[in-house]
Amino acid sequence: MKYLPEHLSELNLLLQFDLSSAATGIKVHGDASEEMQQAVKRLYEKGLCTLPDGGYLTDEGIEVAEHADKILRVISSN
């Protein structure tokens, strides 16, 4: 199994959430790319965020976003 482009879009979107504050959400506007609009919809359908256009991360969403952040930091290090 490998990351598909859809997975990468979802991971990149998860990284847009501010993990230092659970009270900070995001909104993917209608003029955002179709890729981002579909990614946020999939995150919502998976129960990782509270609204179909973003909102806040759920508890599971926070955990997944933290893992995504850690993976990026590890593979980006020299």
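Quick note: residue numbers are just sequence positions, from 1.
- Counting heavy atoms from C-beta outward, E66 and K70 have side chains that stay 4.5 Å or more apart.
- Side-chain heavy atoms closer than 4.5 Å link hydrophobic residues (I, L, V, M, F, W, Y) into clusters, and following such links, possibly through other members, connects L19 to V28.
- Under the 4.5 Å side-chain criterion, counting only non-hydrogen atoms from C-beta, P52 is not in contact with V40.
- Panel note: side chain Q37, backbone A32; a donor-acceptor pair is recorded below 3.5 Å.
- Looking at L14 and L57, their side chains come closer than 4.5 Å, going by heavy atoms from C-beta outward.
- Y3 approaches I71 most closely through the heavy-atom pair OH-CD1, 4.1 Å.
- Counting only distance, with no hydrogens or angles, the side chain of N12 and the backbone of L8 share a donor-acceptor pair below 3.5 Å.
- Taking the side chain as every heavy atom from C-beta outward, I26 and L13 approach each other to under 4.5 Å.
- In this structure the side chain of M36 reaches within 4.5 angstrom of the side chain of S9, judged on heavy atoms.
- Checked for salt-bridge contact, K46 and E60 miss the test: no charged N lies under 4.0 Å from a carboxylate O.
- Among T58, L48, L43, the single residue meeting the side-chain contact (heavy atoms from CB on, under 4.5 Å) criterion with V64 is L48.
- Residue C49 comes nearest to F17 through the heavy atom pair CB-CZ, 4.3 Å, listed as atom of the first residue, atom of the second, then distance.
- Judged purely by atom type and a 3.5 angstrom limit, S77 uses its side chain to pair as donor or acceptor with the backbone of V74.
- A distance of 12.5 Å separates CD in E10 from NZ in K41, rounded to the nearest 0.5 Å.
- Taking CG of L11 as the start and NE2 of H67 as the end, the distance is 12.0 Å to the nearest 0.5 Å.
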